[in-house]
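Here is the structure we will look at.
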Amino acid sequence: MSGLQLEKTYDPKQVEERWYQVWIDRGYFHASVTHPGQPYCIVIPPPNVTGSLHIGHALNNTIQDILIRWRRMQGRNVLWMPGTDHAGIATQNVVEKQLMSEGTTREALGREKFLERVWEWKAKSGDTIVRQLQRLGASCDWDRLRFTMDEGLSTAVREVFVRLYEDGLIYRGERLINWCPRCLTALSDIEVEHEDTRGKMYHIRYPLADDPDTALIVATTRPETMLGDTAVAVHPEDPRYRHLIGKTARLPLTTRDIPIVGDAILVDLKFGTGAVKITPAHDFNDFEAGDRHNLARIALFDRHARMDGFALHEAQVDPSLNLAGKPVLQARSIVVDALRARGLLVRVEDHKMALGKCYRCKTVVEPHLSPQWFVKIRPLAEPAVKAVEEGRIRLIPEAWVNNYLGWMRDIKDWCISRQIWWGHQIPAWYCIPCGQRAGTLIVTSRAVGSGETLSSAWKRSITLTPKAKPIVAKSAPARCPDCKQSNPQDFYRDPDVLDTWFSSALWPFSTLGWPEQTPELKTFYPTSTLVTGLDILFFWVARMIMMGLKFMGDVPFRDVYIHALVRDAEGQKMSKSKGNVVDPLHVMEQYGTDALRFTLASLASPGRDIKLAEERIEGYRNFANKVWNAARFILLNLEGPREQVHPSNRSFPDRWILSRLNGTIRSVNQELEAYRFDRAASRLYHFIWHEYCDWYLELIKPALPDQNSPEARRTRHTLVETFEAIQRLLHPFMPFITEEIWQALPHEGESVVIQPYPGEQPDWDSKDAESAFSILEQCVTTARTARVLLNYPPGKPVTFFAWVGHERNGKILENLQGHVAHLGRGAVQVIPVDRWPSSNLLRLAAEGLTVGMVVEGDVDLQKALALIGRQREEGAAEVQRLEAKLENVEFASKAPPDVVAEHQERLKVLQRDQAILLSSEEQLREIMRQRSP
RNA sequence: AGGCGGAUAGCUCAGUCGGGAGAGCGCUGCCCUUACAAGGCAGAGGUCACAGGUUCAAUCCCUGUUCCGCCUACCA
């Protein structure tokens, strides 16, 4: 390809779009159930349908794509199932914001019209995220793109709901739940984020009803809820208070007397004042305590978390306080002021506490009493605990297992109903006549504008009480099982929708066609790996495991790879408000997709959050460029015949690089098996840059100019063989540049995407070549170092000689002479000798810089050190010999004394490393004397 | 409050067999050597958080301490 030969720097833009389109057009990403390979399936964590790609998506999907491309190249039958999530609250909030800017609300629009608007918005922006994933190179099977609210998945949702209900695992009831007063919906426990806040602790006097001079002191952080107290608890064994149990206290600011009860669970003897107020409608612990003592629940707030006038009246609150309609914080200060004015506020102290906030809009959540739908979770959680305990599901890194098990064992029922409109509406209906008869369903009617048909001229407004009896079915019931009425108008569908995570929990099988028994389901379930962030381990992963086991009778996936959170360079969580968001699209634009992918892979070490610094991305952009230029070099030198030779006839550089490549292939495959993307990436980086480019390409340069020499023909063959393999090896990490280069290289097949991934080649390993290389490297590096340290001019010839401990090393060095001379720059003479002393050396050294060194290429350093450690105590004579052996590099120089003096400091450093630079012939002789046996 | 993880070069981090302290980026010096200055070569820089212990030998294993992060639960 001519672009390769012309451009000095790699330009990702023109490459990326072109190849992605080709891959799509040729259907490389499409999975087929008839493919002969062993199935390998990943289901994507579905991004919000109206969202856009953030850096966490980029990491998550890069990792998945690396696994998918790698397995595809290994010949597995690969399916990467893509899809998007309807993201109930999040999406509804976005559309509501749009409405607000138009000066209207969803209530004004009505449910049906509002949903139309959301669908419109989904149609408009729904493919943004898909396009962005494609830009990232994600090789999903886009033909199978699913959406959590498409028809098939909705069927699955209804099926699951009905079956769980029939099994008694879904129930409706009035419980205290977390309520977001802004989103106006219930939230599940894990949808509440806790944030440390500085608050106040108020100590309040509750006088006894029959003895106003005696009072219990209760402490609370939420004095406004005291108006809903229905008891005060003390510990039954508390000598201070136990005699008060059974008496009553006068609830301040009201005309109500409340009982004093004994409760050992709620009251901690060692904490606080010893008396605790019980407010069952506004606190989770108090709710349970209220059940234990059969206490009434007084809910003070409406759904906007404002004081409800009717409730205040019921609670017999002093009307002069004017609390009706006041929001929480205002109500609090009114109550506190009133208490203070009446001398009932004992003291106020600072107190730090964790405030619960809505994970979508960060509004402070309010415990709220309301009828909701729940999943009875324990029967589902038990098998899910077992699956992980028994290793049928592996969490990687393993450290999360305890976290998972701990959470699952202590799991609470899952509140699945949401009072929003966007989502899967709960498949439950109520028979209006039955409900009215039983008083569990309240109907109010009001006239609507004229001009409408008679039947719709009255708009019914229906309120469901906690006791309302649902008819749960996959579709609207034809007749009521109780009263047998069959008028569709008389069935009222539960207006709530399901928690978004309910449909996500079914994702691994619903996307494969369940409840139909599709071939896809048979082929790809259980899926192979799930790649996900830690933040949704409980939201999503745990629930998929429960639902998969329940409805498929098998785990939904074998491995769960849990990756870290991406933070900014300072380790701060990225957020729009902080302005520290790294936009992956911007990064791809500036540095190229491959650079971003490689960066993320390199930083993905387990158990540690990723701090993303822009310099890192730049570094890997440079890496892409390095690969690009290596390709240019190779293509420029490919003219002429290529010849494959028997392994034993390969040149030294060829044998060496094949051996190193083989080691890299082995380790990259191993690291990918172990989900160590960071180590696979760094191994590739090091091999390609510092072995292949820095040494191999330099080593072979002299062999190329004479186009028809056997040496050139063999070298060209190895050049293509190795570089082509490198493209395949690197492809899962950097799909675009590798395809562009691979296409330009001599190759068979139509795309690197579907080429086999490199595997080990036993006959490429060469221990000899590797140890010869270490001698070569030692010589060349020593020569270069000496030159730099002595400011020896770059062009001027260097003479150096080597003392080799073994004859074999001498031979090796002799064979490497040409390479050493070439890489040492300038005219270099290599004179291997196997005996000290030799006066010839000194004559050779008469001109210019002379570097001497001891070469011990075959000393197994680690072994030697181990030996020294073991024997030092015993004072073995061998130790000294070994220590001497370790001094494997030395310098000798005939540099003028003034030069040496000038560099005294540096020389000391050299000596520390067991290298000695000599300034005179006498010193050289001295060393020789010491060294000779 | 409990649980988990982390502390190694200026920065970001590897170091999975207990024996060599490493990489990238940044920094310094020399080099535009015909693939690449987004480059090449060389170099400086570390009490492996602290204190004990086990061992011939500890960044690594054990105990404790300090600091940081996360998760879960919150005591009114």
Side-chain angles (χ1 to χ4, degrees), chain A residues 4-5 8-10 189-190 194 201-203 218-222 233 266-268 270-279 283-286 289 351 353-354 356 397 399-400 402-403 406-407 410 534-535 537-538 564-565 567 569-571 591 595 602-603 605-616 618-637 674 676 678-679 682 685-686 689-690 693-694 697-698 701 780-781 784-789 791-795 823 825-826 861-874 886 906 909:
Chain A
L4 273 171
Q5 280 153 25
K8 267 184 148 182
T9 51
Y10 171 57
D189 295 340
I190 50 180
H194 294 275
M201 178 78 84
Y202 302 85
H203 294 251
V218 304
T220 179
T221 55
R222 301 204 51 197
L266 188 64
V267 184
D268 180 351
K270 292 184 287 280
F271 186 88
T273 61
V276 182
K277 72 193 206 51
I278 302 182
T279 324
D283 181 280
F284 291 98
N285 289 320
D286 293 7
H351 182 76
M353 54 189 194
W400 298 118
N402 281 338
N403 228 328
W407 189 76
D410 194 34
L534 178 65
D535 47 341
L537 182 63
F538 301 139
L565 204 68
R567 296 167 177 278
E570 273 75 50
Y591 299 103
S602 302
L603 294 172
S605 44
R608 207 189 269 245
D609 278 348
I610 294 175
K611 292 185 198 166
L612 188 62
E614 196 154 330
E615 301 82 64
R616 269 316 263 274
E618 199 179 326
Y620 292 115
R621 186 269 319 261
N622 294 352
F623 174 58
N625 198 45
K626 188 76 182 176
V627 175
W628 180 257
N629 277 293
R632 286 179 64 226
F633 170 76
I634 288 164
L635 291 170
L636 287 170
N637 286 286
R676 287 306 301 263
D678 56 329
R679 297 211 292 204
S682 92
Y685 181 96
H686 188 264
W689 197 317
H690 297 302
C693 292
D694 285 353
L697 292 184
E698 295 305 324
K701 274 180 181 172
V780 172
T781 306
R784 286 168 173 170
T785 307
R787 188 196 290 274
V788 169
L789 287 181
N791 289 335
Y792 198 70
L823 295 179
R825 276 180 297 162
L861 210 60
Q862 295 224 340
K863 212 163 147 191
L865 284 169
L867 220 55
I868 290 169
R870 225 171 290 127
Q871 298 186 349
R872 181 169 283 142
E873 290 290 303
E874 299 153 30
L886 293 174
R906 292 175 187 168
V909 173

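Just so we're on the same page: letters track the sequence lines, and every chain starts at 1.
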Take the protein atom [atom1] of [X] and the nucleotide atom [atom2] of [N], then report the distance between them rounded to whole Å.
{"X": "Y620(A)", "N": "rG26(B)", "atom1": "OH", "atom2": "P", "value": "12 Å"}
{"X": "H194(A)", "N": "rG3(B)", "atom1": "NE2", "atom2": "C1'", "value": "16 Å"}
{"X": "R676(A)", "N": "rC13(B)", "atom1": "CZ", "atom2": "C1'", "value": "11 Å"}
{"X": "N403(A)", "N": "rG6(B)", "atom1": "CG", "atom2": "P", "value": "14 Å"}
{"X": "D678(A)", "N": "rA14(B)", "atom1": "CG", "atom2": "P", "value": "7 Å"}
{"X": "R222(A)", "N": "rC75(B)", "atom1": "CZ", "atom2": "C1'", "value": "16 Å"}
{"X": "E615(A)", "N": "rG26(B)", "atom1": "CD", "atom2": "P", "value": "8 Å"}
{"X": "D286(A)", "N": "rA76(B)", "atom1": "CG", "atom2": "P", "value": "11 Å"}

I need the minimum non-hydrogen distance between K277(A) and T220(A), along with the two atoms involved.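 Smallest heavy-atom distance, with atoms named: CE-OG1, 3.4 Å.
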
Kindly give the heavy-atom pair with the smallest separation between Y202(A) and T221(A), and that separation in Å.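 Here Y202(A) and T221(A) meet closest at CE1-O, 4.1 Å.
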
Could you measure between the two [atom1] atoms, the one in [N] and the one in [M], and give it in whole Å?
{"N": "rA73(B)", "M": "rC62(B)", "atom1": "C1'", "result": "30 Å"}
{"N": "rC67(B)", "M": "rA58(B)", "atom1": "P", "result": "28 Å"}
{"N": "rC60(B)", "M": "rG2(B)", "atom1": "P", "result": "26 Å"}
{"N": "rC56(B)", "M": "rU63(B)", "atom1": "C1'", "result": "23 Å"}
{"N": "rG64(B)", "M": "rA42(B)", "atom1": "C1'", "result": "45 Å"}
{"N": "rG3(B)", "M": "rU8(B)", "atom1": "P", "result": "25 Å"}
{"N": "rG19(B)", "M": "rC25(B)", "atom1": "C1'", "result": "30 Å"}
{"N": "rC4(B)", "M": "rC75(B)", "atom1": "P", "result": "23 Å"}

Reckon [X] touches a base, only the sugar-phosphate, or nothing at all at heavy-atom distances under 4.0 Å?
{"X": "L537(A)", "result": "nothing"}
{"X": "S602(A)", "result": "nothing"}
{"X": "T220(A)", "result": "sugar-phosphate"}

N/O donor-acceptor pair under 3.5 Å between N629(A) side chain and T9(A) backbone: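 It does not hold such a pair.
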
Can you list the residues that meet the side-chain contact (heavy atoms from CB on, under 4.5 Å) rule with V267(A), with sequence neighbours excluded?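 side-chain contact (heavy atoms from CB on, under 4.5 Å) list for V267(A), sorted by chain: A233(A), H235(A), V276(A).
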
Apply side chain to side chain donor-acceptor pair (under 3.5 Å) to S602(A) and list each qualifying residue two or more places apart in sequence or on a separate chain.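 In terms of side chain to side chain donor-acceptor pair (under 3.5 Å), with neighbours along the sequence ignored, S602(A) is linked to Y620(A).
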
If you assign L603(A) and H686(A) each to the RNA chain B nucleotide with the nearest heavy atom, which residue ends up on the more 5' nucleotide?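 Nearest nucleotide further toward 5': that of L603(A).
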
Using 0.5 Å steps for rounding, measure from the [atom1] atom of [X] to the [atom2] atom of [Y].
{"X": "D189(A)", "Y": "F284(A)", "atom1": "CG", "atom2": "CZ", "answer": "6.5 Å"}
{"X": "E615(A)", "Y": "N622(A)", "atom1": "CD", "atom2": "CG", "answer": "12.0 Å"}
{"X": "D694(A)", "Y": "E698(A)", "atom1": "CG", "atom2": "CD", "answer": "7.5 Å"}

Would you tabulate the nitrogen or oxygen pairs shorter than 3.5 Å linking the protein to nucleotides 35-38 of chain B?
residue : atom : partner : partner atom : Å
rA35(B) : O2'  : N629(A) : OD1          : 2.8
rA35(B) : O2'  : R632(A) : NH1          : 2.6
rA35(B) : N7   : K701(A) : NZ           : 3.2
rA35(B) : N6   : C693(A) : O            : 3.3
rA35(B) : N6   : E698(A) : OE2          : 3.3
rA35(B) : N3   : N629(A) : O            : 3.0
rA35(B) : N3   : A630(A) : N            : 3.2
rC36(B) : O4'  : N629(A) : OD1          : 2.9
rC36(B) : O4'  : N629(A) : ND2          : 3.4
rC36(B) : O2'  : N629(A) : ND2          : 3.3
rC36(B) : O2   : K626(A) : NZ           : 2.9
rC36(B) : N3   : K626(A) : NZ           : 2.8
rA38(B) : O4'  : N622(A) : OD1          : 3.1
rA38(B) : O2'  : N625(A) : ND2          : 3.3
rA38(B) : N3   : R621(A) : NE           : 2.9
rA38(B) : N3   : N622(A) : OD1          : 3.4

Between the protein and nucleotides 59-61 of chain B, which nitrogen or oxygen pairs are less than 3.5 angstrom apart?
none

ring-ring contact (aromatic ring centres under 6.0 Å, His included) against F633(A), all qualifying residues, sequence neighbours excluded: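 For F633(A) there are no ring-ring contact (aromatic ring centres under 6.0 Å, His included) partners, ignoring immediate neighbours.
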
Can you label the angle between the W628(A) ring and the Y10(A) ring as parallel, tilted or perpendicular, going by 30° and 60°?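 Correct class here is tilted.
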
May I ask you to verify if any side-chain N or O of H690(A) is less than 4.0 angstrom from the OP1 or OP2 atom of rG24(B)?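 Checking rG24(B) against H690(A), a side-chain N or O does come within under 4.0 Å of OP1 or OP2.
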
What stems show up for RNA chain B when you take Watson-Crick pairs (N1-N3 plus N6-O4 or O6-N4) and G-U wobbles (N1-O2, O6-N3), both under 3.5 Å, and require three or more consecutive pairs?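 Stem list for RNA chain B: B:1-7 with B:66-72, B:10-13 with B:22-25, B:27-31 with B:39-43, B:49-53 with B:61-65.
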
